[in-house]
Amino acid sequence: MSNEIQHGGSTLAVHQDQQFWTDQQMAALQQLGVATNSQGDLAVFFHQAQKSGLDPFKREIYMITRSGKPTIQTGIDGFYKIADRVTTKTGGTWGISETYWCGQDGQWVDVWLQQGAPAAAKVIVERNGSKFTTVALTSEYTATGPMWKKMPARMIAKCAEALAIRKAFPEDLSGLYTSDEMAQADNQQVVNRAPQQRPRTTQQRQQVQAKPEPSGRDWYAEAGECETADALAALYKECAASGELDDDLKSFLMTTGTALRQMEQNQQDEEVVDGVLVDENGEIKGDAA
């Protein structure tokens, strides 16, 4: 099953064999206020739109820049759509089996009837028989929007849902956040606190110890800051040397590198000689002709 974004023949359709946004798509992104971002940011956005199958021109996926740093977001419905599509494609199953809330007393309940906001929400997502549990603390989502004031229990539950679905579908939702999660992005970073794990067996401890320590670097963000293809190539080598270059990240870095290389090639197609603009065939262009 393809992730292609369908538009009924529209030139805005994003195809799987594309390498970057087309001129028509860039013009549409300009209207959405996205085309002003750097080429690296646009490459990141293109990768996520193509991978997720969400339509940026229907506002199913969008890029928000806060304090100079862009974040790619969707709604919780976008997470449902991706999970449904992947499950249909693979022939598996998924669903949200349980949702709980608790107050300051730490007692979990399956319906929140108290006045005021709960202290936390816990969601369990099941995928192909496996359970993925996450807890979202209200104190870590200090959003002040009207929906958070009107229905805080539902809003914190949506954040827990997003955490749990991303945990169940990491290869499809890595680097993608819901607008509910990011509503507090101007205040502090979202933290995903997983439930306490069972003690590892001796074999599991040996496997963990054999793995290299994570670098802690955000490869996606660093790629978005690369201004040249050579800088991206150097980052690729660093990522590979760290042992963190998985298939998804490899595909993203290669797509970003291709976009930067094409941009540089387009810039080299024209040159300025003695203040006169000359094209690649040596013919004078513009008013100078």
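The first residue in the sequence is number 1, and the count goes up from there.
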**Request:** Indicate yes or no: at least one non-hydrogen side-chain atom of Lys158 is less than 4.5 angstrom from one of Arg154.
**Result:** yes
**Request:** Answer whether the closest heavy-atom distance between the side chains of Ile64 and Met182 falls below 4.5 Å.
**Result:** no
**Asked** When rounded to the nearest 0.5 angstrom, what is the spacing between CD in Gln73 and OG1 in Thr178?
**Response** 8.0 Å
**Asked** Does Tyr62 share a hydrophobic cluster with Trp21, counting links as ILVMFWY side-chain heavy atoms below 4.5 Å and allowing steps through other members?
**Response** no
**Asked** Would you say the side-chain atoms of Thr74 pair up with the backbone N or O of Ile61, donor to acceptor, closer than 3.5 Å?
**Response** no
**Prompt:** Atom CE of Met63 and atom CG of Leu29: how far apart are they, to the nearest 0.5 Å?
**Reply:** 8.0 Å
**Request:** Sort and list the pairs that fulfil side chain to side chain donor-acceptor pair (under 3.5 Å) and have at least one residue in residues 101-111, not counting sequence neighbours.
**Result:** none
**Message:** Is any side-chain heavy atom of Thr133 closer than 4.5 Å to one of Tyr100?
**Reply:** no
**Message:** Would you compute the distance between atom CG of Leu245 and atom SG of Cys239 and round it to the nearest 0.5 angstrom?
**Reply:** 4.5 Å
**Asked** Considering all heavy atoms of both residues, which atom of Leu176 and which atom of Phe79 are nearest to each other, and what is their separation?
**Response** O-CZ, 3.4 Å
**Message:** Ignoring hydrogens, what is the shortest heavy-atom contact between Gly106 and Cys102? Give both atom names and the distance.
**Reply:** C-CB, 4.1 Å
**Message:** Evaluate Met26 against Gln30 for side-chain contact (heavy atoms from CB on, under 4.5 Å), listing each step before the verdict.
**Reply:** CA-CA 6 Å; Met26 285 294 292; Gln30 182 74 45; over 6 Å; no
**Asked** Rounded to the nearest 0.5 Å, what separation is found between the OG atom of Ser52 and the NZ atom of Lys81?
**Response** 8.5 Å
**Asked** Is any side-chain heavy atom of Ile165 closer than 4.5 Å to a side-chain heavy atom of Tyr80?
**Response** yes
**Message:** Within the 4.5 Å heavy-atom criterion, are Glu126 and Thr93 side-chain neighbours or not?
**Reply:** no
**Fill in**
Residues Ala121 and Ala160: closest non-hydrogen pair is O-CB, 3.8 Å
**Asked** Under a 4.5 Å cut-off applied to non-hydrogen side-chain atoms, are Gln18 and Phe46 in contact?
**Response** yes
**Request:** Examine Ile96 and Val86 and state if one hydrophobic cluster contains both, with Ile, Leu, Val, Met, Phe, Trp and Tyr joined whenever side-chain heavy atoms are less than 4.5 Å apart.
**Result:** yes
**Item:** Over all atoms of both residues, closest heavy-atom pair of Gly92 and Thr87
**Value:** O-CG2, 2.9 Å
**Request:** Take the angle between the ring planes of Phe169 and Trp94 and call it parallel below 30°, perpendicular above 60°, tilted in between.
**Result:** perpendicular
**Request:** Of all the heavy-atom pairs spanning Ala164 and Val125, show the shortest one and how long it is.
**Result:** CB-CG2, 3.5 Å
**Message:** Any non-hydrogen side-chain atom of Ile156 less than 4.5 Å from a side-chain atom of Pro118?
**Reply:** yes
**Ser97 side chain vs Ile124 backbone, donor-acceptor pair below 3.5 Å** = yes
**Request:** Please assess Phe20 against Gln25 for the test side-chain contact (heavy atoms from CB on, under 4.5 Å), listing each intermediate value before the final yes or no.
**Result:** CA-CA 10 Å; Phe20 197 60; Gln25 291 165 350; over 6 Å; no
**Message:** For a quick test of reading the model, state the closest non-hydrogen atom pair linking Lys51 to Asp172 and the distance between them.
**Reply:** CE-O, 3.8 Å
**Request:** Please report the C-alpha distance between Leu235 and Glu238 in whole Å, then the side-chain angles of each, then the deciding distance to 0.1 Å, and finally whether the side-chain contact (heavy atoms from CB on, under 4.5 Å) criterion is met.
**Result:** CA-CA 5 Å; Leu235 182 69; Glu238 293 177 15; 4.2 Å; yes
**Asked** Does one hydrophobic cluster hold both Leu173 and Phe132, with members joined at side-chain heavy-atom distances below 4.5 Å?
**Response** no
**Item:** Any Glu181 side-chain heavy atom under 4.5 Å of Leu163 side chain
**Value:** yes
